[in-house]
Amino acid sequence: MLLIPCPYCGERPELEFVYGGQAHVARPPPDAEVSLQDWADYLYRRDNTRGVHAERWRHTHGCGRFFNALRDTTTDHFVATYKIGAQPPAGLIARRAGR
Amino acid sequence: MQPFSALSLLKAGLSGQRGWTPQWRRAEPKAAYDAIIVGGGGHGLGTAYYLAKEHQLTNIAVLEKGWIGGGNTGRNTTIIRSNYLFGESAALYDHAVKLWETLSQVLNYNVMFSQRGVLMLAHNVHDAQVAKRHVHANRANGVDNEWLTPQQAQAFCPLLNIGDIRYPVLGAALQRRGGTARHDAVAWGYARAADALGVDIIENCEVTGIRRYGSGAVQSVETTRGLIRAPKIGVAAAGHTSVIMKMAGVGLPLESYPLQALVSEPIKRIFPCVVMSNTIHAYISQSDKGELVIGAGTDAYTSYTQRGALHISGHALEAVCELFPMFRRLRMLRNWGGIVDVTPDRSPIIAKTPVPGLYVNCGWGTGGFKATPGSAHVFAWTIAHDEPHPINAPFTLERFRDGNLIDEAAAAAVAH
């Protein structure tokens with residue numbers, strides 16, 4: 001079980017958290033112009049990064065707040081956390097896939 | 001290739017088991033092949049075998065970054081069944097079961113396929129309705145499956161605790177043609193048979209890049225053992241498929257999770273079948289060595305660590321102890337994780353890609369082992385003909401764009 005660093009509460013056991021999937025997946029504008037491929041990419045396509053991955057977590061059984069995290073998916077080490085709406089800290093994503 | 005027979009085994013036994021030769025050559029990579037398969041698990045090795053055997057494509061190589069069968073082929077719970085809900089899935093998985101039934105003879109290699117029956121338990125009204133729907137759908141598709149009462153289920157698996165349990169067993173679906181096989185033997189058998197047909201099996205050869213022509217078509221793969229050219233590249237890299245396909249600029253609807261399994265200390269033959277429970281979530285069978293083989297769930301988050309969290313396997317063991325109280329004092333010998341590539345509809349992708357000459361066989365998620373021969377067979381067809389076999393035609397990459405999902409997410413018989 002992981003210890004996850006909630007930016008509001010500190011390190012807590014994994015069981016207190018819910019994983020929210022890849023971060024920064026932007027919803028295409030809700031108009032008729034969105035192509036099927038763009039919509040499919042938004043719904044289904046994921047970077048599935050092997051390396052430092054930007055992702056959302058929610059401290060459901062704690063403060064209840066969402067936050068973003070950078071986690072190395074080859075070690076499960078949490079590299080950094082940052083606020084929802086913010087961009088990931090520069091220089092920490094070594095192998096960010098091009099979307 | 002030395003053929004195996006009762007006579008050859010007897011002779012080797014009488015001469016102290018000396019004189020056996022390696023089952024496949026230790027091939028050095030050539031500069032170019034007619035086709036390259038990336039991934040030396042069961043699916044990749046099987047694909048190479050069927051390419052050579054049925055499509056006369058023998059100038060081919062299988063590239064494996066570690067040792068063959070060292071990934072998910074050696075990390076699963078070896079369960080084989082074809083009782084999927086939808087017609088497309090039933091056709092694909094039953095194609096595999098039919099190939100399993102003759103595989104040992106075809107490969108001249110004992111894959112220890114045992115049709116001991118797969119029993120899937122229902123613990124509440126919803127489970128029972130879903131299971132019965134599966135039974136009817138399977139039978140309509142020509143796949144055997146039958147509904148058992150709790151007493152019939154217990155008669156089939158006498159150790160099963162049907163009453164003194166938090167969620168009593170209300171019945172079960174039984175696929176008698178389902179069962180298990182020896183996972184390593186599948187990889188070794190395909191490797192040996194493919195090698196005999198001239199296929200180069202190249203271990204310790206990691207693909208680090210895919211080069212393409214200006215036209216977009218594939219040209220070659222960069223590997224830790226040099227550049228290898230091929231006009232056709234088939235990727236069967238399981239949990240690492242996203243990593244490989246990114247090298248060719250192809251994004252996929254995949255997420256990779258650790259999926260855990262455990263084995264107990266070996267005990268005498270006691271467990272006659274495979275039992276799966278979706279609701280309280282465990283699956284269990286007994287290997288021919290005597291170990292109980294227990295499957296747990298996936299972690300909640302994507303990862304490539306091949307570990308998995310302790311509370312996930314603990315949960316599966318609690319379920320096993322409820323269903324089979326006599327196993328409570330057994331010790332677990334080993335547990336491990338495999339990295340499974342999960343699609344949004346929990347169905348695989350066996351298809352051409354937008355890149356000419358690049359083919360992908362992925363997205364098997366938590367249940368790829370059972371499909372190994374069928375998957376390999378239709379993937380070889382797809383690579384050889386540059387178009388899908390009728391069985392894998394629905395399992396495209398474009399189905400996610402076009403809304404033609406094969407949504408086994410709720411329908412597959414295991415929890416996801």
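Side chains are part of it too, since the values below use all heavy atoms of this structure and drop only hydrogens, waters and symmetry mates.
- Using a 4.5 Å cut-off between heavy atoms, B:Leu405 contacts chain A through its side chain alone, with no backbone atom that close.
- Only the backbone of B:Leu252 comes within contact range of chain A, with heavy atoms under 4.5 Å apart.
- The pair B:Lys246-A:Asp47 does not meet the salt-bridge criterion, since no charged nitrogen lies less than 4.0 angstrom from a carboxylate oxygen.
- Note: A:Leu2 leads A:Asp38, A:Leu43, A:Leu2 in heavy-atom pairs under 4.5 Å with chain B.
- When each of B:Ala309, B:Gly249, B:Gly251 is scored by its heavy-atom pairs under 4.5 Å with chain A, the top score falls to B:Gly251.
- Sorted by first and then second residue, the side chain to side chain donor-acceptor pair (under 3.5 Å) pairs involving residues 62-71 of chain B (not counting sequence neighbours) form an empty list.
- Checking B:Thr302 against A:Asn48 by side-chain atom types alone, no donor-acceptor pair falls below 3.5 Å.
- Looking only at heavy-atom pairs under 4.5 Å with chain A, the residue among B:Thr343, B:Asp299, B:Thr305, B:Ile312 that has the most is B:Thr305.
- Salt bridge status for B:Glu222 with B:Arg211: present, with a side-chain N to carboxylate O gap under 4.0 Å.
- No hydrogens or angles considered: a donor-acceptor pair under 3.5 Å links the side chains of B:His240 and A:Arg50.
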